[in-house]
There are 4 protein chains.
Amino acid sequence: MARTRDEAARRRVLDSARDLVSRRGPRAVTVDDIAAAAGVGKQTIYRWWPSKAAVIMDALIELTDPARDDLPDTTYEAVRVQMRRVAVMFGSRNGELIRELVADSQGDAALAKDFRERFFGHRRARGAATLERGIASGELRPDLDIDDALDVLYGPLWLRLLIGHRRLGRAGADEVLAVVWPGLQNQPG
Amino acid sequence: MARTRDEAARRRVLDSARDLVSRRGPRAVTVDDIAAAAGVGKQTIYRWWPSKAAVIMDALIELTDPARDDLPDTTYEAVRVQMRRVAVMFGSRNGELIRELVADSQGDAALAKDFRERFFGHRRARGAATLERGIASGELRPDLDIDDALDVLYGPLWLRLLIGHRRLGRAGADEVLAVVWPGLQNQPG
Amino acid sequence: MARTRDEAARRRVLDSARDLVSRRGPRAVTVDDIAAAAGVGKQTIYRWWPSKAAVIMDALIELTDPARDDLPDTTYEAVRVQMRRVAVMFGSRNGELIRELVADSQGDAALAKDFRERFFGHRRARGAATLERGIASGELRPDLDIDDALDVLYGPLWLRLLIGHRRLGRAGADEVLAVVWPGLQNQPG
Amino acid sequence: MARTRDEAARRRVLDSARDLVSRRGPRAVTVDDIAAAAGVGKQTIYRWWPSKAAVIMDALIELTDPARDDLPDTTYEAVRVQMRRVAVMFGSRNGELIRELVADSQGDAALAKDFRERFFGHRRARGAATLERGIASGELRPDLDIDDALDVLYGPLWLRLLIGHRRLGRAGADEVLAVVWPGLQNQPG
DNA sequence: TCTTAATCGAGACGGTACGTCGTGTCTTGAG
DNA sequence: CTCAAGACACGACGTACCGTCTCGATTAAGA
């Protein structure tokens, strides 16, 4: 019976958030900025998102949800392409957003959960699918624990993103894979 | 002519910071809180540390600098013990401090550098030493890149600390090592 | 052709406004409160009243519009009775409503005009009638300016209402009249 | 031992408040405006004043505290001059401030008290002194109640200020005094 | 009797100001 | 010069209330 949520306002908020964040970095954007840029009252933001970080996360998810599935045939190559894409994204402007969201997640359990489920979990599922295919095809060890494998493959990339001790990029992904692969493949000989 | 630094004040600041942070979590502690608890003027804190996070980092380093070197003889066992110690620490109260410091490091380049050099780098050097010993003894591949290996071994643990998608602990360390080891050892056959 | 105004809604709004204001004081009542209590949409309020204060004024006028005309015969006594009624009302719950309306009138010209004409003016006309009768009967000076006299008689009561420096009540009205009367009556000697 | 209140900041706040209010009217001035104009943090305002109205009242008191005592010799003339000054002030820019403060006082007991004691009471004391002198000199009735007399003399002026039903100004003051005087003077004959 | 348009309850909306919080700097008076 | 205390400038926060708007449902007059 009551007025329904204004979808246009939602869009303007997310678009403005994305624009502002990519122009000034997430640290330099305030809720007031987003509201002003979106032509929206601050209350409207707080009505639908619990925090600035939640808005930015929604924007990020829209930005990085291409769901491209054009992967090579062999598992090794497929994993390599997926890792490279992650490494490249981590090294891009979006990497900064992700770092910021992980930072905000420390000490905000709800945001952490949301991040884990909606961003991290979603991408992880895609990595898992590749590994499962690899097991099914016999390219990967049949007793491989998918979660362990994913941690080992992507953990190093996250580490570089968050600590910044080494460069990210295609080469980084390849190095990690080279070290890890022997532990994953079916016939090490 | 000038008065010298009050060492007792430094101690009270670090002790209070540690106490407050471990009692209320790092997010809920302000500089004023630390100053009040330490019976110290805020200026005294800012005279010697650049930010709240720097204080906490000093406290953390004090807490986690045991420098125990009682490692087993074989490289596999030595790495395993080191990884377990890290995983256990990540799962303890100190893990929360570390998460907070990583969070604060995003968007504070000076702190990030400090964290990288004083906490991360220091511990990494110990891990590197173990791997170097393993190469020298022939247990590890002679062409192994130490940095890559360290990222692969410890990245998964950091990932779990910062994302919280899986438990930390001795078992977690062992799982990671089991997957990674084939890529590190000298003669996989 | 069109639907007509819902009289029941009007009643519920005024009743709820009165109830809320007398229970919580006028300052602590919002338009949303009134709408919720009346089971009415906010738009319905704004369709028929220009502001919250206008609603309260309508409620006040309903409350204080007895139009009793049972006044004593002599002008002195009639004025005294009228002043006492005003003083008593000012000291009652309704006094608080009036204070609030005067307050809201500062800085809201339309409300001020409305208040002046519908509440203030209406009651003032009754006071004027009494004085005019007194002039006609020879009890009051024939050259008396009615408006000046009304200001002098009722100004002190309004002052006490709005500044709160002294008590209101029957005795207050009598004191004022005692001081003022010599300036009003026809033959002071 | 601690830093003391910054008197210069206090001055800047009051000056800015006065300037802004006299340029834009009290309704259109916000605490942020005052803080910005004074080059002061909002916190500094809230540290020393409970509300915007309290700031404005302080400024008002400074503005209207001339304490001129150059009054004529006869009591009638002295009262007339004092009333005229009040009427003129009520009709000036400051009148608007006073109206606003009275408005804010309804529903803010602390402010009301402050206004009563510091602004209203202070000026009332001066009026009382004049009447007391008049009693002592025999010009006024020896049994005159000072408070009643003051209410009767000034109540009409306040009424015009706050209701706005009639003009303020020198003439208004004279009219009131003309009506009231017979009730005050010693020998009505 | 069906149409049609204004009404209703509900509540989301844009906007403005609020008062609070935390940071890092500055000032005071004591040692 | 250092210290404890705490006032300061600044900037962002999240809340409150206002008056407008949009929805779907209801209701009464006019076709």
Side-chain angles (χ1 to χ4, degrees), chain A residues 1-10 12-13 27-33 35-36 38-52, chain B residues 1-6 8-9 12 27-33 35-36 38-53, chain C residues 1-10 12 27-33 35-36 38-52, chain D residues 1-10 12 27-33 35-36 38-52:
Chain A
M1 196 192 263
R3 182 175 181 178
T4 55
R5 175 169 187 181
D6 184 341
E7 203 53 36
R10 198 190 83 99
R12 267 158 27 225
V13 168
R27 218 72 174 197
V29 175
T30 69
V31 175
D32 294 72
D33 291 339
V40 143
K42 242 198 305 184
Q43 192 64 252
T44 298
I45 293 182
Y46 284 108
R47 210 190 321 272
W48 302 111
W49 289 275
S51 65
K52 178 182 64 165
Chain B
M1 191 201 274
R3 186 170 171 181
T4 57
R5 175 167 186 183
D6 183 344
R12 292 204 311 275
R27 218 69 175 197
V29 175
T30 69
V31 175
D32 295 72
D33 290 341
V40 143
K42 255 204 295 182
Q43 189 60 264
T44 299
I45 293 181
Y46 283 107
R47 214 191 317 272
W48 304 110
W49 291 273
S51 66
K52 177 182 64 162
Chain C
M1 189 196 277
R3 183 174 176 179
T4 55
R5 175 169 187 182
D6 183 343
E7 200 55 33
R10 198 191 83 97
R12 291 202 313 274
R27 218 68 175 198
V29 175
T30 69
V31 175
D32 294 72
D33 290 340
V40 143
K42 257 203 297 180
Q43 189 61 266
T44 299
I45 293 182
Y46 283 108
R47 214 191 316 273
W48 304 111
W49 290 274
S51 66
K52 176 183 65 162
Chain D
M1 197 191 264
R3 182 174 180 179
T4 54
R5 176 168 189 181
D6 184 342
E7 204 54 35
R10 199 190 84 98
R12 269 163 21 229
R27 217 70 175 199
V29 175
T30 69
V31 175
D32 294 71
D33 291 340
V40 144
K42 241 200 304 186
Q43 193 65 255
T44 297
I45 293 182
Y46 283 108
R47 209 191 319 274
W48 302 111
W49 290 276
S51 64
K52 178 182 63 164

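Every chain is numbered from 1 and lettered A, B, ... according to where its sequence line falls, protein lines coming before strand lines. Keep in mind that this is a model prediction, so the values were computed, not measured.
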Short side-chain N/O contact to F/dA7 OP1/OP2 from D/Thr44, under 4.0 Å
no
Phosphate OP1/OP2 of F/dC3: any B/Arg12 side-chain N/O under 4.0 Å:
no
Can you name the side chain to side chain contact (heavy atoms under 4.5 Å, CB included) partners of A/Ala36, sequence neighbours left out?
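A/Ala36 satisfies side chain to side chain contact (heavy atoms under 4.5 Å, CB included) with no residue once adjacent residues are dropped.
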To the nearest Å, how far apart are [X] [atom1] and [N] [atom2]?
X	N	atom1	atom2	answer
D/Asp6	F/dC10	CG	P	13 Å
C/Arg27	F/dC18	CZ	P	11 Å
C/Arg47	E/dA10	CZ	P	14 Å
D/Arg5	E/dC26	CZ	C1'	17 Å

Could you say whether B/Ala9 or C/Thr4 is positioned toward the 5' end of DNA chain F, judged by the nucleotide with the nearest heavy atom to each?
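Closer to the 5' end of DNA chain F: B/Ala9.
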Between A/Arg12 (side chain only) and A/Val40 (backbone N and O only), is there a donor and an acceptor less than 3.5 Å apart?
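Answer holds: no.
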Here's a test of your reading of the structure: between A/Glu7 and D/Ser51, which maps to the more 5' nucleotide of DNA chain E?
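With A/Glu7 and D/Ser51 compared, the 5'-side residue is A/Glu7.
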First encountered from the 5' end of DNA chain E, between A/Gly39 and C/Gly41:
C/Gly41
Yes or no on side chain to side chain contact (heavy atoms under 4.5 Å, CB included) for A/Lys52 and A/Thr30, after CA distance, side-chain angles and deciding distance?
CA-CA 7 Å; A/Lys52 178 182 64 165; A/Thr30 69; 5.7 Å; no
Heavy-atom nearest pair, B/Thr44 first then B/Ala9, reads CG2-CB, 4.5 Å
Between D/Gly41 and D/Ala35, which heavy-atom pair has the shortest distance, and what is it?
C-CB, 4.3 Å
Evaluate the side chain to side chain contact (heavy atoms under 4.5 Å, CB included) criterion for residues A/Trp48 and A/Val13: first the C-alpha distance (whole Å), next the side-chain angles of each, then the deciding distance (0.1 Å), finally the verdict.
CA-CA 11 Å; A/Trp48 302 111; A/Val13 168; over 6 Å; no
Pairing residues for C/Arg10 by the salt bridge (charged side-chain N to carboxylate O under 4.0 Å, His left out) criterion, not counting sequence neighbours:
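If we apply the salt bridge (charged side-chain N to carboxylate O under 4.0 Å, His left out) test to C/Arg10, skipping adjacent residues, the hits are C/Glu7, C/Glu62.
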Heavy atoms under 4.0 Å, any strand shown: does D/Trp48 hit a base, just sugar-phosphate, or nothing?
sugar-phosphate
Polar atom pairs (N or O), protein with nucleotides 11-13 of chain F, under 3.5 Å:
{"residue": "F/dC13", "atom": "OP2", "partner": "A/Val31", "partner atom": "N", "Å": "2.8"}

For the base of E/dA6, is there a side-chain donor-acceptor partner from C/Arg3 under 3.5 Å away?
no
